[in-house]
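What follows is a structure written as structure tokens; I'll ask about it next.
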Amino acid sequence: QVQLVESGGGLVQAGDSLRLSCAASGRTFRSLTEGWFRQASGKEREFVAGISWSGGSTYYADSVKGRFSIITDNAKTTVYLRMNSLKPGDKAVYYCADRADSLIATNRFQYDYWGKGTQVTGSS
């Protein structure tokens, strides 16, 4: 059973940077993608960024392109979301998810395993 644990959330202000982590265990399949999603209060969960283990390709939502980066460690057990130039609209609970396919998907229903999330909050 795949287990994903997010960490790194916290209180931020506009312009701040933050790095979220997603530690994975129990993976048994090789070809997969890892995605970061977020859900703000009262809104749908939305795709933020994804990375394919096969080839390392990445894909970002337009709203975070140029500000966020998704990277992995060499052992491919932890995926990070580096967030720069944070905006008030970035406040949300951030989730990581695994998908048993090498293609990055933006649809949350195409992901198989989810963490419980880490919250990014702001003072404004």
Side-chain angles (χ1 to χ4, degrees):
Q1 181 74 15
V2 176
Q3 291 187 322
L4 304 174
V5 179
E6 303 95 334
S7 61
L11 180 67
V12 297
Q13 295 182 340
D16 282 353
S17 296
L18 199 64
R19 190 183 75 169
L20 306 182
S21 300
C22 175
S25 62
R27 286 200 182 104
T28 58
F29 44 87
R30 294 184 178 181
S31 297
L32 55 85
T33 61
E34 185 91 19
W36 280 98
F37 288 75
R38 67 186 181 186
Q39 188 167 15
S41 180
K43 295 188 176 181
E44 294 284 324
R45 191 171 301 188
E46 63 176 0
F47 173 83
V48 175
I51 186 166
S52 174
W53 295 117
S54 176
S57 59
T58 58
Y59 186 76
Y60 298 93
D62 288 342
S63 59
V64 305
K65 199 172 295 182
R67 299 188 297 121
F68 290 14
S69 298
I70 184 170
I71 56 176
T72 69
D73 63 351
N74 290 334
K76 296 183 178 179
T77 57
T78 303
V79 177
Y80 303 96
L81 185 68
R82 178 68 181 179
M83 307 186 295
N84 295 324
S85 303
L86 284 164
K87 302 178 180 179
D90 295 321
K91 292 182 291 184
V93 178
Y94 283 74
Y95 301 88
C96 64
D98 266 12
R99 178 171 188 248
D101 193 287
S102 60
L103 296 178
I104 299 171
T106 60
N107 186 332
R108 60 189 174 98
F109 296 107
Q110 293 182 302
Y111 284 78
D112 304 289
Y113 299 98
W114 290 84
K116 294 183 178 181
T118 184
Q119 186 148 21
V120 175
T121 60
S123 58
S124 61

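Side chains are part of it too, since the values below use all heavy atoms of this structure and drop only hydrogens, waters and symmetry mates.
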request  = Any chance you could lay out the side-chain contact (heavy atoms from CB on, under 4.5 Å) test for V120 and L18, step after step, and finish with the verdict?
outcome  = CA-CA 9 Å; V120 175; L18 199 64; 3.9 Å; yes

ask   = Does the S21 side chain pair with the main chain of S7, one donor and one acceptor, at a distance under 3.5 Å?
value = no

Interatomic distance, D98 atom CG to E34 atom CD [nearest 0.5 angstrom] = 4.0 Å

query = Among all residues two or more places apart in sequence or in another chain, which pass the salt bridge (Lys or Arg N to Asp or Glu O under 4.0 Å) test with R45?
reply = none

message = Suppose the criterion is disulfide (SG to SG under 2.5 Å): which pairs have a residue in residues 55-88, not counting sequence neighbours?
response = none

key: Sequence neighbours excluded, every pair satisfying salt bridge (Lys or Arg N to Asp or Glu O under 4.0 Å) that has a member inside residues 14-23   = none

request  = Please identify each residue that fulfils side-chain contact (heavy atoms from CB on, under 4.5 Å) with N84, with sequence neighbours left out.
outcome  = S17, R82

task = Under the side-chain contact (heavy atoms from CB on, under 4.5 Å) rule, collect the residues that match up with Q119, sequence neighbours excluded.
result = V93, T121

request  = Taking the side chain as every heavy atom from C-beta outward, state whether D112 and V2 have any pair of such atoms under 4.5 Å apart.
outcome  = no

query = With sequence neighbours excluded, what pairs up with Q3 under the side-chain hydrogen bond (donor to acceptor under 3.5 Å, both in side chains) test?
reply = none

query = Cluster question for you: counting only ILVMFWY and a side-chain heavy-atom cut-off of under 4.5 Å, with indirect links fine, are F47 and L81 together?
reply = no

request  = Applying side-chain contact (heavy atoms from CB on, under 4.5 Å), name anything that partners T118, two or more places apart in sequence or on another chain.
outcome  = E6, L20, Y94

message = Show me the pairs that pass disulfide (SG to SG under 2.5 Å) and involve residues 69-99, at least two apart or across chains.
response = C22-C96

For a quick test of your reading: what N or O donor-acceptor pairs under 3.5 Å do the side chains of residues 56-63 make, sequence neighbours left out?
{"unit_1": "Y60", "atom_1": "OH", "unit_2": "I70", "atom_2": "N", "d": "2.9"}
{"unit_1": "D62", "atom_1": "OD1", "unit_2": "K65", "atom_2": "NZ", "d": "3.1"}

inquiry  = Please give me the minimum heavy-atom distance between S52 and S102, naming the atom from each residue.
reply    = OG-O, 2.7 Å

key: Residues which pass ring-ring contact (aromatic ring centres under 6.0 Å, His included) with Y111, listed by chain and number, not counting sequence neighbours   = F37

request  = Apply ring-ring contact (aromatic ring centres under 6.0 Å, His included) to Y95 and list each qualifying residue two or more places apart in sequence or on a separate chain.
outcome  = none

query = What's the shortest heavy-atom distance between L4 and A24, and which atoms?
reply = CD2-CB, 3.5 Å

task = Taking all heavy atoms of A105 and all of Q110, pick out the closest pair and write down the distance.
result = CB-OE1, 3.2 Å

Within one Ile-Leu-Val-Met-Phe-Trp-Tyr cluster: I104 and V64, side-chain cutoff 4.5 Å = no

inquiry  = Check for me, please, whether V48 and L86 land in the same ILVMFWY cluster - side-chain distances under 4.5 Å, paths through other members count.
reply    = yes

key: Non-hydrogen atoms of Y80 and T78 that approach each other most closely   = CZ-CG2, 3.5 Å

query = Checking side-chain contact (heavy atoms from CB on, under 4.5 Å) against R108, which of Q39, E46, E44 comes through?
reply = E44

note = Contacts of K87 meeting side-chain contact (heavy atoms from CB on, under 4.5 Å) (sequence neighbours excluded), chain-then-number -> R67, D90

